There are 2 protein chains.
Amino acid sequence: MTAAAGSPGAPQELDLDEQIAAYQREFPEVDPQVEKVVTALGRLNRRMNVAYGRQLVDLGISNSEWEVLKALVVVGRPYRLGPGDLAKRLGLTPAAMTHRIDRMVAEGLVTRDRDEANRVRVIVELTDEGREKWLQTMRLAAAFEDELLQDLTPVERAALGEILTRLLRRVESSQPDAGGRLEDLD
Amino acid sequence: MTAAAGSPGAPQELDLDEQIAAYQREFPEVDPQVEKVVTALGRLNRRMNVAYGRQLVDLGISNSEWEVLKALVVVGRPYRLGPGDLAKRLGLTPAAMTHRIDRMVAEGLVTRDRDEANRVRVIVELTDEGREKWLQTMRLAAAFEDELLQDLTPVERAALGEILTRLLRRVESSQPDAGGRLEDLD
DNA sequence: ACAAGAAACTTTATCTCTGAAGTCTTCAGG
DNA sequence: CCTGAAGACTTCAGAGATAAAGTTTCTTGT
């Protein structure tokens with residue numbers, strides 16, 4: 001196993017500090033402190049989604065379906081929203097919502113009915129089974145999150161929450177949802 | 001425009017605190033402080049990706065392509081990596097990398113050649129044009145990031161960086177890349 | 001009333017990613 | 001030297017997303 005030219009043995013993923021160092025080397029104007037925060041945020045998020053994804057597999061639903069469940073639960077009883085509204089909240093096109101709902105109806109997580117008061121509209125409603133699934137995901141997610149933050153002191157947690165909230169307010173105000181959908185990931 | 005049954009006028013997206021309140025209502029066991037941190041993290045990330053995405057459109061490349069450029073630049077000169085290695089770093093299947101590289105070669109951002117020392121391997125190398133693109137994206141990204149963090153005092157920035165790093169270390173150690181690819185988004 | 005116009009979903013075509021199968025190269029024995 | 005096994009990439013079929021066009025159902029001006 002000589003590994004002649006290409007790359008040696010274990011190139012996997014760079015350590016955070018190494019990556020910051022690389023950025024400084026390739027783009028000296030960068031502020032390392034800023035870059036560190038931003039990079040850590042991105043990586044953290046990715047890892048968290050991996051963790052959620054694994055738990056969801058165990059429960060037999062996909063990340064996409066989880067998003068829909070969350071949106072419906074958050075609006076509260078009677079857990080109803082239209083496809084267009086859901087699409088907007090999840091940052092998808094209405095077309096994608098149509099298909100997602102198709103699948104979720106087939107699995108019994110939600111129902112889809114025409115709104116008889118205004119037949120242009122459609123109402124997607126969480127079923128008891130869907131709500132139960134959400135509760136299960138919530139229990140797992142909360143356990144993971146508690147573990148993730150266990151190293152932080154209460155003071156640190158509060159500070160972190162406050163700072164993140166402030167950052168969020170800044171982006172949300174400079175990006176007033178204007179365009180409509182929130183593109184990209186989640 | 002009376003809006004009879006369904007939903008009133010502007011359901012768009014819930015405010016952060018409202019969403020936390022909704023979680024507490026629907027799942028009382030949840031720790032609001034934890035949930036606030038986690039939710040803010042997720043939203044922040046989404047917004048940042050939206051912002052990056054817009055800048056990338058202006059520069060005429062996609063988010064996917066940007067990821068590849070970043071990976072190549074981070075390894076340093078001569079900016080070379082194999083498709084499999086790239087796939088691992090970006091959390092994609094090798095198949096997806098093949099297609100991505102196809103596109104990027106066609107656009108002149110990278111080259112793809114067989115490694116003559118070990119003809120099983122393929123070498124993807126950044127072109128000057130690709131490097132230039134990366135520099136442009138970096139300038140825009142850095143400007144956005146500086147603006148995002150402008151409200152924070154130097155002390156806060158340092159604290160934020162330190163805390164996030166700590167969290168990241170925790171997840172990365174409990175998720176040792178083991179399975180191989182890092183599923184999901186980015 | 002009636003026709004033009006707007007709204008809210010759905011359908012269709014195309015693109016990108018995943019998972020599995022396939023191809024080509026290198027290495028280790030016999 | 002030849003054969004089997006392993007490794008690295010590519011190809012192929014299927015799932016899910018986007019964009020644009022299409023349907024159906026209100027709404028509004030005359």
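Owing to the predicted nature of the structure, the values given are computational and were not obtained by experimental measurement. Proteins come first, then strands; the chains are lettered A, B, ... in the order of their sequence lines, and each starts at number 1.
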Pair [X] + [Y], salt bridge at N-O below 4.0 Å:
X	Y	result
B:Glu132	B:Arg139	yes
A:Arg43	B:Glu172	yes
B:Arg54	B:Asp58	no

Does the side chain of [X] get closer than 4.0 angstrom to OP1 or OP2 of [N] through an N or O atom?
X	N	answer
A:Arg103	D:dA17	yes
B:Arg119	C:dC27	no
A:Arg100	D:dA17	yes

d([atom1], [X]; [atom2], [N]) in whole Å:
X	N	atom1	atom2	result
A:Asp115	D:dC26	CG	P	9 Å
B:Arg114	D:dC9	CZ	P	9 Å
A:Asp102	D:dG16	CG	C1'	12 Å
B:Asp85	D:dG7	CG	C1'	14 Å
A:Ile101	C:dA8	CD1	C1'	12 Å
B:Glu67	C:dC17	CD	P	9 Å
B:Arg80	D:dA8	CZ	C1'	18 Å
A:His99	D:dG16	NE2	P	10 Å

If you check every side-chain atom of [X], which of [options] has the closest atom?
X	options	value
B:Ala95	D:dT10, C:dG19, D:dA19	C:dG19
B:Thr98	D:dT10, C:dG19, C:dT10	D:dT10
A:Val120	D:dC12, D:dT25, C:dC9	D:dT25

Verify, without hydrogens or angle tests, whether A:Ser173 (side chain) and A:Arg170 (backbone) share a donor-acceptor contact under 3.5 angstrom.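 Such a contact is found between A:Ser173 side chain and A:Arg170 backbone.
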Contacts of type side chain to side chain donor-acceptor pair (under 3.5 Å), residue B:Glu116, not counting sequence neighbours: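 Side chain to side chain donor-acceptor pair (under 3.5 Å) list for B:Glu116, sorted by chain: B:Arg119.
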Toward the 5' end of DNA chain D, by each residue's nearest nucleotide, A:Ala96 or B:Met97: B:Met97
